[in-house]
Amino acid sequence: EDVRLRLNVEVTVASDSPPAPAPIESFEDMLLHPSIMKDITYHGYTRPTSIQAQAMTVALSGRDLLGCAQTGSGKTAAFAIPMIQHCLAQSPIWRGDGPLALVLAPTRELAQQIEKEVKCFSRSLECFRTAIVVGGTNIADQRSELRAGVDVIVATPGRFIDHLQQGNTSLSRISFIVLDEADRMLDMGFEPQIREVLHNLPKRHQTLLFSATMPVEIEILTQEYLTTPVQIKVGKVSS
Ligand code: ADP
Ligand code: MG
């Protein structure tokens, strides 16, 4: 699979006011933290894919984002890199005060892939902690990891809510949230958990929602919880 082929797919961007920022076509021009830049190079990414150029620019500008793109277009880095950059901009990062960013994903496997990628782009940073919170793994281990303090949590919705209810983590400092493969999360019945999270976030936060399809339930969530989002579509998106 050749990323260069995907660089030319059609990308459409829509936004009510204010207009969407113009895409930045190179990682160097995105003014990322030098450690993140180093890790991008180490990871072998030489230039952003089309969705990355668009989505990263939007996310780095602080806007909410609704991203519709098929798998394989490089969405993980598109949110992971701005998320890490966002966490570094929260200063000072008090350990133990609760996570700054949260990624919700439909399955354990997907959460694991995302966590791996977040770790790839934060490996040169000192003391940047990412926790994975998924079902089918030891909840006591997760509890101690969360209680020790983390910057980013990558989770499946059910297990994340379990930890919230047990008081092992909190939403009080989350200012960046990503819903990856939101349509699949809804198909799997996670809408109540997603709403529970979105409803209880601090007032000031940035939301990125990615979905391969745009069913009406996603449109409703978007209208309820995203603030003047920039909409990015790559290729054809069915409803
Ligand atoms: P999606 O979430 O859209 O399905 P992924 O984030 O899983 O896509 O990326 C698909 C593949 O493309 C992965 O193997 C990833 O490492 C690779 N990839 C993503 N962005 C780039 C890039 N800018 N340069 C090279 N490879 C990339
Ligand atoms: Mg993905």
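Atoms within a ligand are numbered from 1 in the order they appear, just like the ligands themselves. What's counted below: heavy atoms across the whole structure, side chains too, no hydrogens, waters or symmetry copies. Given the structure is predicted, the values throughout are model-derived calculations rather than measurements.
Not a single heavy atom of Ala69 lies less than 4.0 angstrom from ligand 1. The shortest heavy-atom distance from Arg47 to ligand 1 is under 4.0 Å.
Taking the six-membered ring for Trp and the full ring otherwise, the centers of His205 and Phe176 sit at least 6.0 Å from each other.
Comment: Asp151 does not engage Arg129 in a salt bridge, judged by the lack of any side-chain N to carboxylate O separation of less than 4.0 angstrom. At a threshold of 4.0 Å, the pair Glu181-Lys75 does not count as salt-bridged, since none of the basic side-chain nitrogens sits closer than that to a carboxylate oxygen.
Residue-to-ligand polar distances place Gly72 within reach of ligand 1: an N/O pair is separated by less than 3.5 Å. Below 3.5 Å of separation, one finds an N or O of Lys75 facing an N or O of ligand 1. The shortest N/O to N/O separation between Gln113 and ligand 1 does not fall below 3.5 Å. Close N/O approach between Tyr45 and ligand 1 is found [any backbone or side-chain N/O within under 3.5 Å]. Considering backbone and side-chain N/O atoms, Thr76 comes within less than 3.5 Å of an N/O atom of ligand 1. Note: no N/O pair closer than 3.5 Å links Glu117 and ligand 1 by distance alone. At least one N or O atom of Gly74 sits closer than 3.5 Å to an N or O atom of ligand 1.
Side chains of Ile177 and Leu208 form no contact here, defined as non-hydrogen atoms less than 4.5 Å apart.
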Pair Gln166-Arg143, side chain to side chain donor-acceptor pair (under 3.5 Å): steps then yes or no
CA-CA 9 Å; Gln166 291 184 18; Arg143 180 185 304 125; 3.1 Å; yes

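Both Val58 and Val234 are part of a single hydrophobic cluster, where members link through side-chain heavy atoms under 4.5 Å apart.
Numbered from 1 in the order shown, with element, the atoms of ligand 1 that lie under 4.0 Å from a heavy atom of Ser73 read 1 (P), 3 (O), 8 (O). Near Thr71, the atoms of ligand 1 lying under 4.0 angstrom from a non-hydrogen atom of the residue are 4 (O).
Summarising the geometry of Tyr45 relative to Ala77, their closest heavy-atom pair is CE2-CB, 3.8 Å, with the distance given to 0.1 Å.
In this structure, Arg47 forms no cation-pi arrangement with Phe27, as its terminal cationic atom is not both closer than 6.0 Å to the ring centre and no more than 45° off the ring axis.
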